[in-house]
Amino acid sequence: MPAGDPDNGGLFLPEGFDALVVVDSLEGRARHLAVNHNGDIYVKLRFPDSIGGNAALRDTDNDGKADIIETFGDYLDKSSYGTAMRIHNGYLYYSSVTRILRQKLTGKLVPDSEMELIVTDTQPPRQHDTKPIAFDKKGNLYTPFGAPSDACQEDDRVFMSPGIDPCPILEHRAGIWKFDANKKGQFQRDGEKFATGLRSVVALEWNDQDDNLFTLAHGRDHIYNTWPEIYTVWEGSVLPSEVFLKLKKGSDAGWPYHYYNQIKEDYFLSPEYGGDGKKQGENVDSLVKPLIGFPGHFAPNDLLFYTGDQFPEHYKNGAFMAFHGSTSSAPYPQTGYFIAFVPMAKGMPSGPWEVFADGFAGVDTIINTSDAKYRPMGLAMGPDGSIYISDTEKGKIWRVMFKGDKGKFGKAQLAKMEDRKKQASNIKTPDEVKDIVATEEDGFFPKTGNMAEGAKLYNIHCALCHQKNGRGNDRFPPLNYSDWVNGDKERLTDVVLNGLEGEIRVHGRSYNNVMPKQDHLKNEDIALILTYIRQNFGNRSNGIVPEEVAKVRKATTKSP
């Protein structure tokens with residue numbers, strides 16, 4: 001094995017492990033990745049733009065660093081959160097949000113074989129449209145069809161909007177479908193619905209030892225912001241849980257009617273369907289019980305069961321999990337941004353979850369998502385049992401290796417990582433009072449008059465997505481120097497009043513999450529918010545007055 005970097009590429013790891021940086025930055029950044037039997041690395045790119053949707057990396061001098069980097073793969077929607085990158089039965093499978101494709105690996109770094117279209121999603125790209133994939137032992141492929149909604153509300157993500165009952169989304173979305181892994185030209189109707197009640201899945205994997213499908217599912221967002229009369233701001237920061245699930249045919253994970261509370265260790269009725277944080281609903285006993293409930297908003301984006309022999313026996317058949325990191329934990333620190341490990345035996349956790357790798361963010365306290373230097377995304381195992389980790393912010397890739405004494409590995413070697421689990425602000429559950437990182441001036445507490453009213457309103461209603469510094473994140477667009485902010489006033493006002501859905505491009509990058517309408521706000525408050533964003537974050541445009549908001553509201557309000 002090659003030598004690790006002196007600083008482990010900035011990572012904190014258990015005693016006996018080393019890490020080296022395979023590549024410092026990939027053009028187009030990185031999402032999921034796969035490693036071939038000869039050590040070649042294949043990466044799904046996040047922002048490929050004019051280059052191919054995938055990257056291929058090769059180390060020619062055995063120092064662990066990539067010497068050759070080539071891009072390939074021109075396919076539809078390649079730049080809209082394409083996710084999967086898996087090697088299976090000699091084929092390289094990868095996805096956009098609407099396509100699952102494969103190419104036969106031919107021995108060349110960039111496969112020159114036919115690009116075969118395996119599954120097509122006919123819906124245009126919308127929120128939660130990712131296509132991670134997993135394979136069972138019988139020739140089947142599994143992939144999610146995400147829910148284009150946060151909680152199946154009448155008005156998505158809108159303040160106190162009730163849920164639609166029954167939720168029509170569940171028929172064709174919010175679940176996992178099974179397909180023939182080798183059949184070309186399939187559509188959703190050609191597959192079989194395998195599991196339901198799953199709003200958003202990015203981490204999906206088959207456990208060969210247990211012979212079952214597993215996932216880490218994203219919990220819903222905005223439980224406090226849309227229902228502040230029921231939940232506290234602290235509950236909005238830590239709930240609902242991100243859940244580790246073993247799925248069988250017919251499993252129901254509860255969405256949108258229920259969510260999982262990891263503190264109370266049970267399902268509860270969603271507020272959109274009459275929940276108050278205490279009611280559980282009538283059919284919670286029929287829902288799939290999570291193996292582990294992680295804190296809310298950790299953003300689980302990959303799952304890997306370790307089958308190699310390089311690491312100590314403690315890790316054999318256990319689950320590595322990549323937590324991409326929260327965007328909506330304010331006014332508490334943003335959380336996640338690390339790799340977790342769950343020891344497993346016979347398909348069940350055999351001990352509490354652990355911190356395996358941390359330090360990606362590069363800062364002790366993450367207030368805005370953009371404060372994080374790196375955000376872990378993809379996991380893959382190399383032919384020698386090393387673990388590879390990809391990052392979405394710079395396109396960095398690490399290789400983690402064990403160089404210690406496997407026979408002596410135990411609690412002592414894990415002690416420092418256990419301390420990080422208890423103490424690191426990005427990992428521990430925050431104290432409701434002591435760990436608040438926002439101030440009164442940010443608008444989370446009674447008004448003091450020490451900050452412009454527009455800034456307070458912005459931090460209450462907008463910073464959860466666009467961040468306190470206005471720079472957004474991979475899910476929500478930045479506000480600085482944006483034509484959407486500094487351009488047409490009426491268009492900007494209309495977006496705030498009536499929301500926005502569908503793909504937009506900001507600074508040359510694609511975003512397709514929903515902007516919920518804010519028509520419950522007074523004209524005066526909307527004017528203050530818009531004036532604030534047009535005159536901050538590097539913007540220097542003129543303000544907006546309540547009369548201008550009233551004009552747009554009148555022009556765009558539908559008559560009863």
Side-chain angles (χ1 to χ4, degrees), residues 1-11 13 17-74 78-79 82-88 90-95 103 105-113 301-302 304 308 310-311 320 322 324 339 357 359-360 362 373-403:
M1 288 184 290
D5 293 335
D7 64 346
N8 285 333
L11 300 186
L13 298 163
F17 284 88
D18 286 348
L20 65 83
V21 175
V22 176
V23 60
D24 191 65
S25 58
L26 281 175
E27 183 183 1
R29 304 194 196 177
R31 281 178 66 80
H32 282 170
L33 74 167
V35 184
N36 203 4
H37 59 81
N38 65 351
D40 288 345
I41 302 170
Y42 295 94
V43 186
K44 181 69 190 72
L45 301 179
R46 170 63 179 97
F47 295 112
D49 294 326
S50 60
I51 61 179
N54 313 319
L57 289 68
R58 178 170 286 176
D59 170 21
T60 59
D61 56 9
N62 297 315
D63 65 352
K65 309 285 186 178
D67 306 306
I68 301 174
I69 301 173
E70 297 187 30
T71 58
F72 68 100
D74 187 13
K78 65 181 180 181
S79 63
T83 295
M85 186 61 70
R86 292 285 189 261
I87 294 173
H88 179 69
Y91 283 88
L92 181 68
Y93 287 78
Y94 48 89
S95 77
Q103 287 182 268
L105 291 168
T106 61
K108 296 181 179 179
L109 176 60
V110 174
D112 57 0
S113 54
N301 277 6
D302 210 356
L304 171 70
Q310 182 191 130
F311 289 8
F320 287 94
H324 194 223
I339 304 298
F360 296 93
K373 190 173 183 181
Y374 305 109
R375 299 177 70 191
M377 172 72 196
L379 295 167
M381 188 180 74
D384 69 344
S386 297
I387 292 291
Y388 292 76
I389 306 167
S390 62
D391 146 70
T392 60
E393 304 308 286
K394 301 289 192 301
K396 194 165 188 171
I397 296 175
W398 294 262
R399 177 180 174 181
V400 180
M401 305 162 287
F402 186 74
K403 303 288 187 68

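Below, all heavy atoms of this structure are taken into account, side chains as well, without hydrogens, waters or symmetry copies. What you see is a predicted model, and the numbers here were worked out from it, not measured in a lab.
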key: Rounded distance [0.5 Å steps], CZ in Phe72 versus CG in Leu45   = 9.0 Å
request  = Answer yes or no: is there a donor N or O on one side and an acceptor on the other, between the side chain of Asn301 and the main chain of Ala322, under 3.5 Å?
outcome  = no
task = Report yes if the side chains of Ile387 and Phe17 come closer than 4.5 Å at any heavy-atom pair, otherwise no.
result = no
query = When you measure from the side chain of Asp302 to the backbone N and O of Leu379, does any donor-acceptor pair fall under 3.5 Å?
reply = yes
key: Non-hydrogen atoms of Pro376 and Ile339 that approach each other most closely   = CB-CD1, 3.8 Å
key: Heavy-atom pair of closest approach, residues Ala84 and Ser95   = N-OG, 3.0 Å
inquiry  = Does Lys373, at its NZ atom, have more than 12 non-hydrogen atoms belonging to other residues, nucleotides or ligands within less than 6.0 Å?
reply    = no
Minimum side-chain heavy-atom gap Tyr388-Ser386 below 4.5 Å = yes
remark   = Closest non-hydrogen contact found for Arg399 with Met1 is NH2-CG, 4.4 Å
query = To the nearest 0.5 Å, what is the distance between CE (Met401) and CZ (Phe311)?
reply = 9.0 Å
ask   = Do His32 side-chain atoms and Met85 backbone N/O form a donor-acceptor pair below 3.5 Å?
value = no
task = Taking Asp5 for its side chain and Val21 for its backbone only, find out whether a donor-acceptor pair lies under 3.5 Å.
result = yes
ask   = Below 4.5 Å, heavy atoms only, C-beta onward: do Leu57 and Ile68 meet side chain to side chain?
value = no
ask   = Nearest 0.5 Å, what's the NZ-CZ distance between Lys44 and Arg31?
value = 8.0 Å
note = Rounding to 0.5 Å, atoms OH (Tyr42) and CD (Glu70) come to a distance of 9.5 Å
key: Check: Gly395 main-chain N/O paired with Ser25 side-chain donor or acceptor under 3.5 Å   = no
ask   = Is any side-chain heavy atom of Asp391 closer than 4.5 Å to a side-chain heavy atom of Trp398?
value = yes
key: Gap between atom CZ of Phe402 and atom CG of Asp18 - 0.5 Å precision   = 9.5 Å
task = Could you tell me whether the side chain of Arg58 reaches within less than 4.5 Å of the side chain of Asn38, counting heavy atoms only?
result = yes
inquiry  = Quick check: closest heavy atoms across Ala380 and Leu304, and the distance to 0.1 Å?
reply    = C-CD2, 4.0 Å
Lys65 versus Asp63, closest heavy-atom pair with distance = N-OD1, 2.9 Å
request  = Could you point out which residue of Thr71, Asn54, Ile397 forms a side chain to side chain contact (heavy atoms under 4.5 Å, CB included) with Val43?
outcome  = Ile397
key: Short side-chain to backbone donor-acceptor contact, Asn8 and Gly10, under 3.5 Å   = no
message = Quick check against the 3.5 Å criterion: does Asp59 have a side-chain atom that pairs as donor or acceptor with the backbone of Gly64?
response = yes
request  = Answer yes or no: is there a side-chain heavy-atom contact under 4.5 Å between Ile69 and Glu27?
outcome  = no
query = About how many Å separate CZ of Phe360 and NZ of Lys396, when rounded to the nearest 0.5 Å?
reply = 10.0 Å
task = Please name the pair of heavy atoms, one in Val35 and one in Gly382, separated by the smallest distance, quoted to 0.1 Å.
result = CG1-CA, 3.9 Å
inquiry  = Quick check on Lys403: does its NZ atom have over 12 non-hydrogen neighbours (other residues, nucleotides or ligands) under 6.0 Å away?
reply    = yes
request  = List the steps and the verdict of side-chain hydrogen bond (donor to acceptor under 3.5 Å, both in side chains) for Arg375 and Thr392.
outcome  = CA-CA 6 Å; Arg375 299 177 70 191; Thr392 60; 4.9 Å; no
